Number of protein chains: 2
Amino acid sequence: MDRKITINDVAEKAGVSRQTISRVLNNKGDVNETTRKRVLRIIEELDFQPSMQARSMVTRKTNTIALLIPDITNPFFSEIVRGIDRTVRATNINVLLFSTDEEVSREVSCIQLAQNYNVDGIILCSPRLDEINLRKLISSKLPVVLLNREIAEMNKVYSIIVDAQTGGYTAAKYLLDLGHRSIGILVGPAYADSSVKRLIGYKKALSDYAVPLDESLILHIDHQHDKIHENTQLLVKRNATAILAYNDMTAAKIIQSCTEMGLEVPKDISVIGFDGIPISRLVNPRLTTMDLPLYEMGEMIANTLMKMINGEETHTKLTVVLPLLKVGQSTRAIT
Amino acid sequence: MDRKITINDVAEKAGVSRQTISRVLNNKGDVNETTRKRVLRIIEELDFQPSMQARSMVTRKTNTIALLIPDITNPFFSEIVRGIDRTVRATNINVLLFSTDEEVSREVSCIQLAQNYNVDGIILCSPRLDEINLRKLISSKLPVVLLNREIAEMNKVYSIIVDAQTGGYTAAKYLLDLGHRSIGILVGPAYADSSVKRLIGYKKALSDYAVPLDESLILHIDHQHDKIHENTQLLVKRNATAILAYNDMTAAKIIQSCTEMGLEVPKDISVIGFDGIPISRLVNPRLTTMDLPLYEMGEMIANTLMKMINGEETHTKLTVVLPLLKVGQSTRAIT
DNA sequence: TTGTAAGCGTTATCAA
DNA sequence: TTGATAACGCTTACAA
């Protein structure tokens, strides 16, 4: 039964103390060049892998961050995760991934877990987590970055949020400019801040154009059972000439539903997405969407967290990302 | 400066030894019911989070597995990851995610890192990693599961692979049955086993139908700079009436290129995808594709790895997953 | 330039 | 039912 090779095995074989091995490992303190070479050779020979656990215990650094997101298969998140991963990688930090499925109980236990792991920092995307648990987390010494979640009077936390209101406004305004007056909107669950904000923007645009608000054109979808098809049918039945989709994935499904109903996009009905994920360019017709710099958002998140971890003061407490209109072929002027 | 609460703090406050706290924590050994209650209350009060590092050091279990994949934004992987994550979660195991971008040097260092973390097991998807490094990993005591990679005479490892050959054969046969005789194929890089196998299946189908092989219809694409548009143009110029795509994402891009060239899919040209990712149902026209049970593959991978970790003998050393033809609207019979 | 001793926070083992 | 002691593998601080 072969035990794992430890620093002691290396020390013994090299005929030096384990402290010297440690010095070689960490390039710290002076080590005789001959000794260093020999130690390195022996490390290689024995295929010695220093234990991060043991190291963490004394350095109080794990070089690991926790990442809590609802669903890794959602391209919105996976793009951001890629940005985060690529960025932290350069600093030898690794990512512990927790998928939460937006279940609050799971989020709470994942946060606990992350703390058990003594991660150096945590990135949290969780629209539903209650304020009490959120504040508790932030009050701990652990550096925290929030994605799409703001919290008042907490200057120990950094948030990056999408300006959903302006996004909703811009998208609606664009359709209004195209002549649409009956615009349906499919937003996310009502508890999500982004849904609320998106609706405010939408309503503001309508009112700016003196278009009376038709509440029946506002529909909410649930993350789990989305019922896009039913909702699209409803909106069509209610004479919507354009639809603001919850996100690009939803937009693609809406277009599909329209096609199945014998409607052509954008000839018969316009559809506009949100997020600007890679797929938005691949569906047919190419989506008009509110584009977000997802990868770059991941970079910003990671960079800020790393600064916090290193104890550097960050002046930025909040980054607001503005979605930009990217015109594709899923919208057109009404005649 | 508030240190982290340790088991000793709890012990002191509860007026018992730390061993008793440990017993309560692990439900191991007898503890007086009154004591247990008190200890639990104090744990709650102090918000004590046991350190996994310290625990791991003595138990030699980290409850963590490493997951090495090329790219998390690729839906093929993110679906599988979701299956893995959901499955291991039930056993209180967590996932350390390493994105490798298919760079061999990074793969090697990630494997090292995973070992530094003393993970309990590792899931590896790395078509390019050299056999020497791979065998070295497998020879260690660490349980390993390979995705889309077989290795000979190694009965310490479990592989799950897609039957790319049959997949290529079935797809090509389907197109041949539809009357196509000039079938282009876009496969992945030549070093990837899956590309080679896919081509073998494709060629076999052609020969079964006595269709002469036209090498100019076989194109390889690179993971990084895919040049789908150029390749599609080439195939069209060479009079392909159908194209077998590398995967669904590629298929969507091919369709887009065709559209830009003024060709209609499937009227003018048929396109068939591979993998059956969710997007295949959302592009227009809906993709005909070789469908794979990605989520379930993730489950299988996770379950097998957990068995290996628990020291249970697994009779299965290899799972071959058969892609099934799922007819959509991107293909049609030639007249 | 190198070595010795102590300690990180937990569990295992044995004794009480 | 509980406690004392050693051990896990490493780094830090100090001494040689």
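Numbered from 1 within each chain, the chains take letters A, B, ... in sequence-line order. Values in this document were obtained by computation on a predicted structure and should not be read as measured data.
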Peer 1: Between dC8(D), dT2(C), dT13(C), which nucleotide gets closest to the side-chain atoms of Arg23(A)?
Peer 2: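 Between dC8(D), dT2(C), dT13(C), the one nearest the side chain of Arg23(A) would be dT2(C).
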
Peer 1: May I ask you to check whether Asp120(A) and Thr62(A) show a side-chain donor-acceptor distance below 3.5 Å?
Peer 2: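 Looking only at side-chain atoms, Thr62(A) and Asp120(A) do form a donor-acceptor pair, the distance falling under 3.5 Å.
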
Peer 1: Name the closest nucleotide to the Ile7(A) side chain, picking from dC10(D), dC14(C), dG9(C).
Peer 2: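 Selected nucleotide: dC10(D).
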
Peer 1: Can you find a side-chain donor-acceptor pair between Asn27(A) and Arg36(A) that sits under 3.5 Å?
Peer 2: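 Yes, side-chain donor-acceptor contact under 3.5 Å.
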
Peer 1: What nucleic acid atoms does Arg60(A) come within less than 4.0 Å of, heavy atoms only: base, sugar-phosphate, or nothing?
Peer 2: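 Sugar-phosphate only.
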
Peer 1: Mapping Met57(B) and Ser17(B) to their closest nucleotides on DNA chain D, which lands nearer the 5' end?
Peer 2: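 Comparing both residues, the 5'-ward one is Ser17(B).
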
Peer 1: If you check the Val16(B) side chain, which of dT11(C), dG3(D), dC8(C) turns out closest?
Peer 2: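 It is dG3(D).
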
Peer 1: Can you find a donor-acceptor N/O pair under 3.5 angstrom joining the side chain of Arg18(B) to the base of dT11(C)?
Peer 2: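 Such a pair exists between side chain and base.
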
Peer 1: Given dT2(C), dG9(C), dT11(C), identify the nucleotide with an atom nearest to the side chain of Gln19(B).
Peer 2: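 Of the candidates, dT11(C) comes closest.
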
Peer 1: Are Thr73(A) and Tyr295(B) close enough that a side-chain donor and a side-chain acceptor fall under 3.5 Å?
Peer 2: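 Short answer, no.
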
Peer 1: What does Asp30(B) touch in the nucleic acid at a heavy-atom separation under 4.0 angstrom: a base, only the sugar-phosphate, or nothing?
Peer 2: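 The answer is base, as Asp30(B) lies within the cut-off (heavy atoms under 4.0 Å) of a base atom.
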
Peer 1: Given dT2(D), dG9(C), dG9(D), identify the nucleotide with an atom nearest to the side chain of Ala54(A).
Peer 2: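 Output: dG9(D).
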
Peer 1: Grab the CD-P distance between Gln53(A) and dA7(D) for me, whole Å please.
Peer 2: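 Taking CD of Gln53(A) and P of dA7(D), I get 20 Å after rounding.
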
Peer 1: With the side chain of Ser22(A) defined as its heavy atoms from C-beta on, choose the nearest nucleotide among dT11(C), dT10(C), dT11(D).
Peer 2: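 The answer is dT11(D).
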
Peer 1: Tell me what Ser56(A) touches on the nucleic acid: a base, only sugar-phosphate, or nothing, going by heavy atoms under 4.0 Å.
Peer 2: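 The answer is nothing, as Ser56(A) stays clear of every strand by at least 4.0 Å.
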
